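To start, the structure under review is shown below, and the notes come after it.
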Amino acid sequence: MRGGMLGYQRKDEDSGERLDRHWNELLQELRLVQTGTQILFAFLLGIAFQNRFDTTDDFTHVVYACTLVAAALAVALFLAPVAFHRVLYRQGLRDRLVVITDRLARAGMAFLVVAICGGVLIALDVALPRTVSVVIVAGVLLWFVVFWVLIPAWVRRNRKQAD
């Protein structure tokens with residue numbers, strides 16, 4: 001089977017149908033990440049209002065601020081396709097919309113990883129020594145990079161070699 005079973009050049013599908021399918025696939029992916037990111041963002045908003053937060057050091061405040069901003073940027077990037085779609089509705093620009101939405105989703109995922117790692121660092125810093133917390137978060141970041149970047153790149157490279 002050259003090109004793999006899911007080469008996604010469907011014979012019964014014209015370019016408009018393919019764009020619609022890609023758009024729907026992107027929306028499904030965004031639905032998954034939007035909800036979790038919005039919950040993370042809401043949780044992070046509440047941290048600053050906890051009594052103990054005032055007693056934390058500058059490191060924790062900086063990590064918190066960066067994490068909160070990263071989560072806000074991720075939310076904005078994951079919601080941006082909705083605004084794009086509303087503005088571009090019935091303009092015949094689905095081809096551009098799919099490409100732009102893909103880029104927004106990728107950027108949103110990058111900020112999401114930063115927000116997740118920051119949230120984990122804030123939580124672990126309370127329970128463990130800071131050095132141990134930073135090492136664990138570096139491992140969490142590496143985990144994301146392996147599963148979100150390296151393995152997909154490896155699969156893509158090996159698919160091209162098989163063609």
Side-chain angles (χ1 to χ4, degrees), residues 8 19-157:
Y8 275 76
L19 284 171
D20 288 343
R21 180 173 49 81
H22 286 260
W23 174 245
N24 287 327
E25 289 171 357
L26 276 166
L27 289 180
Q28 278 299 105
E29 293 168 3
L30 288 171
R31 282 185 187 104
L32 290 172
V33 295
Q34 279 176 348
T35 304
T37 305
Q38 289 168 335
I39 291 168
L40 173 63
F41 181 62
F43 172 75
L44 288 168
L45 284 173
I47 289 177
F49 300 102
Q50 300 299 315
N51 291 336
R52 287 187 58 197
F53 188 73
D54 289 341
T55 64
T56 59
D57 62 4
D58 288 342
F59 173 83
T60 302
H61 287 188
V62 169
V63 170
Y64 171 75
C66 293
T67 301
L68 183 65
V69 169
L73 295 174
V75 168
L77 289 165
F78 291 143
L79 292 175
V82 174
F84 267 77
H85 186 259
R86 284 296 93 211
V87 172
L88 300 178
Y89 185 67
R90 293 188 182 219
Q91 299 298 309
L93 297 171
R94 178 67 52 102
D95 56 338
R96 289 186 180 168
L97 188 61
V98 168
V99 171
I100 290 168
T101 298
D102 173 63
R103 291 179 182 154
L104 291 168
R106 289 172 189 260
M109 290 175 71
F111 282 109
L112 177 58
V113 168
V114 171
I116 290 171
C117 287
V120 171
L121 182 56
I122 290 168
L124 289 178
D125 194 43
V126 172
L128 301 171
R130 183 159 290 158
T131 305
V132 174
S133 300
V134 169
V135 168
I136 291 171
V137 169
V140 169
L141 176 60
L142 178 61
W143 188 263
F144 275 104
V145 169
V146 166
F147 284 94
W148 284 17
V149 178
L150 298 178
I151 291 174
W154 178 79
V155 169
R156 175 181 260 179
R157 190 186 75 233

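Since we're looking at a predicted model, the values are computed, not measured. We number each residue from 1, following the sequence as shown.
Across all non-hydrogen atoms, the minimal contact from Gly108 to Ala74 is O-CB, 3.6 Å. Nearest heavy-atom pair, Ala115 versus Ala70, reported as atom, atom and distance to 0.1 Å: N-CB, 4.0 Å. What you find for Val140 and Cys117 is that their closest heavy atoms are CG1-SG, 4.1 Å. Residues Ile47 and Phe53 share a closest heavy-atom pair of O-CB, 3.5 Å. Phe41 and Ala71 make their closest contact through CD1-CB, 3.9 Å (heavy atoms, listed as atom of the first residue, atom of the second, distance). When all heavy atoms of Pro152 and Val146 are compared, the closest pair comes out as CD-O, 4.1 Å.
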Check against side chain to side chain contact (heavy atoms under 4.5 Å, CB included), Leu32 and Glu29: CA-CA 5 Å; Leu32 290 172; Glu29 293 168 3; 5.7 Å; no

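For CZ of Phe59, the number of neighbouring non-hydrogen atoms (other residues, nucleotides, ligands) closer than 6.0 Å is greater than 12. Counting non-hydrogen atoms of other residues, nucleotides and ligands closer than 6.0 Å to CZ of Arg52 gives a total of 12 or fewer.
Residue pairs that meet the salt bridge (charged side-chain N to carboxylate O under 4.0 Å, His left out) test with at least one member in residues 102-114, sequence neighbours left out, are Asp102-Arg106. Residue pairs meeting the salt bridge (charged side-chain N to carboxylate O under 4.0 Å, His left out) criterion with at least one member in residues 64-78, sequence neighbours excluded, do not occur.
Qualifying ring-ring contact (aromatic ring centres under 6.0 Å, His included) partners for Phe144, counting only residues two or more places apart in sequence or in other chains: Trp148. Listed by chain and residue number, Trp143, Ile151 satisfy the side chain to side chain contact (heavy atoms under 4.5 Å, CB included) test with Phe147 (two or more places apart in sequence, or in another chain). Here Asp57 pairs with Arg130 under the salt bridge (charged side-chain N to carboxylate O under 4.0 Å, His left out) rule; sequence neighbours left out. Scanning for side chain to side chain contact (heavy atoms under 4.5 Å, CB included) contacts around Ile122 gives Val63, Tyr64, Thr67, with sequence neighbours left out.
Interatomic distance, Thr131 OG1 to Ile136 CD1, rounded to the nearest 0.5 Å: 11.0 Å. Here His22 contributes atom NE2 and Leu97 contributes atom CG; the two are 13.5 Å apart, rounded to the nearest 0.5 Å. From Leu68, atom CG reaches atom CG of Leu44 across 6.0 Å, with rounding to the nearest 0.5 Å. In this structure, Thr60 OG1 and Asp125 CG are separated by 4.5 Å, a value rounded to the nearest 0.5 Å. Here Leu45 contributes atom CG and Leu40 contributes atom CG; the two are 9.5 Å apart, rounded to the nearest 0.5 Å. Separating the CD atom in Gln50 from the OG1 atom in Thr56 is a distance of 11.5 Å, to the nearest 0.5 Å.
Side-chain atoms of Thr101 do not come within 3.5 Å of backbone N or O of Val98 as any donor-acceptor pair. Side chain of His61 to main chain of Asp54: no donor-acceptor pair is present (N/O by atom type, distance under 3.5 Å, no hydrogens or angles).
The shortest side-chain heavy-atom distance between Leu30 and Pro81 falls under the 4.5 Å cut-off. Counting only heavy atoms from C-beta outward, the side chains of Asp95 and Val99 never approach each other to under 4.5 Å.
Between Gln34 and Arg31, the side chains place no donor N or O within less than 3.5 Å of an acceptor N or O (distance only, hydrogens not considered).
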